[in-house]
Amino acid sequence: MAGLNKVTVDDINVRGKKVLVRVDFNVPMKDGVITNDNRIQAALPTIKKLISDGGKVVLCSHLGKPKNGPEAKFSLKAAADRLAELVDTKVVFAADDTVVGDNAKKAVSEMKDGEIVVLENTRFRGADETKNGENLSKELADLVDGQVFVMDAFGSAHRAHASTAGVTKFVKETAVGYLMQKEIQFLGNAVEDPVRPFVAILGGAKVADKLNVINNLLDKCDTLIIGGGMAYTFLKAKGYEVGTSLVDDEKIDYCKEMMAKAEQLGKKLLLPIDTTIAASFPDPIDAEIAVEVVDSDNIPADKMGLDIGTKTMELFGEAVKSAKTVVWNGPMGVFENPVLAKGTIAVAKALADTDATTIIGGGDSAAAVMQLGFADKMSHISTGGGASLEYLEGKVLPGVDVIAEK
Ligand code: 3PG
Ligand code: MG
C-alpha cells in the first residue's frame, strides 16, 4: 500500500484498555444542528471495530475555530448525540470546558468495555491544543492510562496539535484507524504509484492556494487540467485578455513557469479553450444570471469568466475518458449557481462514467460532488480539505508522521 506502513487498528489488542481516538468531528453546523454528518459516518468503521474488540473508546476532536476558549456554539455535544444514534452502545458526552477536567475523568473511570465517551472540543483549550502544548498532550494520554492512541482524523492530520500529534509522546501504542488508512491508500497510490494515464484536475478560485499542488502534480501526472477561477491567471499569463475575471497578478510569472515546466517534462497542461461569461459575479450567489459562452482568447474587457465553456467540457471529458487514475480538487465554476454549475457537473459526470479510479479532494469539490448527486459514483471522496491538498503537495502530514511504523 503506497505511502502507508503504519500500525493499524488491526494490529493492536485493545480488550479492556482505554483507547484515545482522535476523530475529525469538525462537521458543518447551522443553528446548533449538524448539516452534514459525513465525517461522523466516516469514523464509524474504526469506532465499531474498537468497540467490538472490547476497548473503552474515548473520542476527541475539535469543532470550528473558537478563538477565546469555550463557546457553547462550538460544543461537541451535537456530534456526540448524532454518534449515539449511529452506534449500539452507550455514548456519554463529557461536558467539560477544560476537556480533561473532573467530568471527563469521572466519565472515563465509569466506562465499561465497549462503551464510548466523547470529550469536549479540544480547541476549548486554546493554545494548549493549537500550539501542541505538552500539558494537554499529557492530560489526554493520562486519561487513557498512557495506553493506546488511534489517529483517525484525516481532515486534521495536517495540524501538529496536542490531540493530533503531541499526545503520541505520552502513550505506549499508536495506530491509524480505517479512515486514515483508506485516505492514505487512495491519495498515496494516486500520487506515488498511479495506474497511468494519471489525470489531475484542479479548480477553485485562487492559484495562490494551489501553488505547491500544481508543481508537485506536474511531476507526478500525465495530464494536468486547470479550470475554475484559477484558470484566468493562466490565461492572462498566456497573454489573453480576461476581462474582469478573477486574476492573481502576482502569480502570473508562476503560471508561466508552470506552463514551461509542463512543456519541458512533456506533460499535457489543459486550460479552458472557451469560457462562460457574465456582466458580473452573481449576487446573491444563486441569482438568475444572463451568460454567454466565448472562446478563451475572446473575452470582452468588461465581462467576467465564471465557468468553463461547452468545448472545454468536451475537452476535459475526453481527457478523463482515457485516464486510469483521476484526482480532482476544486470546482470548475461558480457551482452554487445552477447556470454556472454546468462545467463542474460535466466534469463530475465524466468522472462518474470513467472506469478510472476517481479520487475527490475534500472541501469544495467534495461538497460539489455530493450536492450534485455523484457521490456514490466516485472511488473515494476525501474527508480532508486542507489535509488532502497538503497530501497532494507531497508533504508529510504531522498526524501521519507521529504514528508508529509496522
Ligand atoms: C477541516 O475542516 O479542514 C479540518 O477539520 C481542520 O480544521 P481547521 O482548518 O480548523 O484546522
Ligand atoms: Mg479547514
Side-chain angles (χ1 to χ4, degrees), residues 18-29 34 39-40 42-43 46-47 50 56-83 91-108 111 116-171 174 176-177 179-180 383-387 397-403:
K18 294 171 190 152
V19 185
L20 181 71
V21 186
R22 178 48 157 105
V23 286
D24 190 341
F25 281 180
N26 183 26
V27 288
M29 311 257 304
I34 295 168
R39 282 179 165 177
I40 299 176
T46 297
I47 294 170
L50 295 170
K56 299 181 173 77
V57 178
V58 179
L59 301 178
C60 66
S61 175
H62 77 286
L63 175 69
K65 298 184 194 287
K67 286 278 171 293
N68 304 305
E71 249 182 282
K73 70 169 178 189
F74 291 120
S75 173
L76 268 179
K77 176 155 192 321
D81 290 347
R82 180 70 188 117
L83 175 68
V91 177
V92 172
F93 174 64
D96 213 321
D97 281 352
T98 58
V99 186
V100 196
D102 290 341
N103 274 343
K105 287 179 193 159
K106 182 163 178 291
V108 171
M111 290 177 91
I116 298 173
V117 164
V118 180
L119 302 181
E120 185 51 285
N121 187 345
T122 49
R123 286 192 187 166
F124 282 5
R125 288 287 294 269
D128 286 352
E129 164 71 337
T130 56
K131 298 273 186 266
N132 200 358
E134 284 220 337
N135 51 349
L136 179 58
S137 299
K138 200 160 180 326
E139 286 168 43
L140 287 166
D142 286 348
L143 193 62
V144 293
D145 308 328
Q147 286 187 320
V148 188
F149 173 75
V150 171
M151 176 62 176
D152 210 23
F154 180 74
S156 306
H158 58 317
R159 308 284 181 217
H161 291 176
S163 68
T164 56
V167 62
T168 58
K169 275 193 257 162
F170 303 103
V171 292
T174 58
V176 292
L179 176 61
M180 286 287 284
T383 55
L397 307 185
V400 177
D401 199 31
V402 292
I403 303 302

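Looking at Asn103, its side chain does come within 3.5 Å of a backbone N or O of Ala95 through a donor-acceptor pair. Between the side chain of Asn121 and the backbone N or O of Leu76 there is no donor-acceptor pair closer than 3.5 Å. Looking at Ser75, its side chain never comes within 3.5 Å of a backbone N or O of Ala72 through a donor-acceptor pair. Looking only at distances, a side-chain donor or acceptor of Thr164 sits under 3.5 Å from a matching main-chain atom of Arg159.
Between Glu120 and Lys77 no salt bridge is recorded (no basic side-chain N to carboxylate O distance below 4.0 Å). Electrostatic pairing of Lys106 and Asp102 does not count as a salt bridge here, judged by no charged N lying under 4.0 Å from a carboxylate O.
Asn26 and His62 share a side-chain donor-acceptor pair at under 3.5 Å. For Arg22 and Ser163, the side-chain atoms include at least one donor-acceptor pair closer than 3.5 Å.
Minimum interatomic distance between Ala387 and Gly155 (heavy atoms only, all atoms of both residues): CB-O, 3.9 Å. When all heavy atoms of Gly133 and Ala162 are compared, the closest pair comes out as O-CB, 3.9 Å. Between Ala153 and Met180, the shortest heavy-atom distance links the atoms C-SD, 3.9 Å. When all heavy atoms of Leu397 and Phe154 are compared, the pair lying nearest together is CD1-CE1, 3.8 Å. Shown here for Asp97 and Phe124, the closest heavy-atom pair between the two residues is O-CB, 3.5 Å. In plain terms, the two heavy atoms of Val91 and Ala80 that are nearest each other are CG1-O, 3.9 Å.
For the pair Val402 and Met151, the minimum side-chain heavy-atom distance is 4.5 Å or more. Side-chain contact check for Glu134 versus Lys169: some heavy-atom pair is nearer than 4.5 Å. Two residues are said to be in side-chain contact when any heavy atoms from C-beta on lie closer than 4.5 Å; Ile47 and Ile116 meet this criterion. Contact annotation: the side chain of Met29 never approaches that of Lys73 to less than 4.5 Å [non-hydrogen atoms, C-beta and beyond]. Under the 4.5 Å side-chain criterion, counting only non-hydrogen atoms from C-beta, Val108 is not in contact with Val144. Side-chain contact between Leu119 and Asp96: absent, with no pair of heavy atoms (C-beta onward) separated by less than 4.5 Å. You'll find the side chain of Val58 reaches within 4.5 Å of the side chain of Met111, heavy atoms only. Residues Asn132 and Ser137 have side chains in contact (heavy-atom distance under 4.5 Å, counting atoms from C-beta outward).
Between the CD1 atom in Ile34 and the CG atom in Asp81 there is a gap of 8.0 Å [rounded to 0.5 Å]. The CD1 atom of Ile40 sits 7.0 Å away from the CG atom of Leu83 when rounded to the nearest 0.5 Å. Here CG of Asp142 is found 10.5 Å from NZ of Lys18. Values are rounded to the nearest 0.5 Å. A distance of 7.0 Å separates CG in Asn68 from CD in Glu71, rounded to the nearest 0.5 Å. If you take CZ on Arg125 and OG1 on Thr130, they are separated by 11.5 Å, rounding to the nearest 0.5 Å. Between the CG atom of Leu50 and the NZ atom of Lys56 there is a distance of 13.0 Å, given to the nearest 0.5 Å.
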Check: Stepwise, does the side chain to side chain contact (heavy atoms under 4.5 Å, CB included) test hold for Phe149 with Ile403?
Finding: CA-CA 9 Å; Phe149 173 75; Ile403 303 302; 4.1 Å; yes
Check: Val100 and Leu136: side chain to side chain contact (heavy atoms under 4.5 Å, CB included), yes or no, with the steps?
Finding: CA-CA 8 Å; Val100 196; Leu136 179 58; 4.1 Å; yes
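The only member of Ser61, Pro70, Pro66 that meets side chain to side chain contact (heavy atoms under 4.5 Å, CB included) when paired with Arg123 is Pro66. Tested against Leu20 for a side chain to side chain contact (heavy atoms under 4.5 Å, CB included), the candidates Asp145, Val167, Val150, Val57 yield a single pass: Val167.
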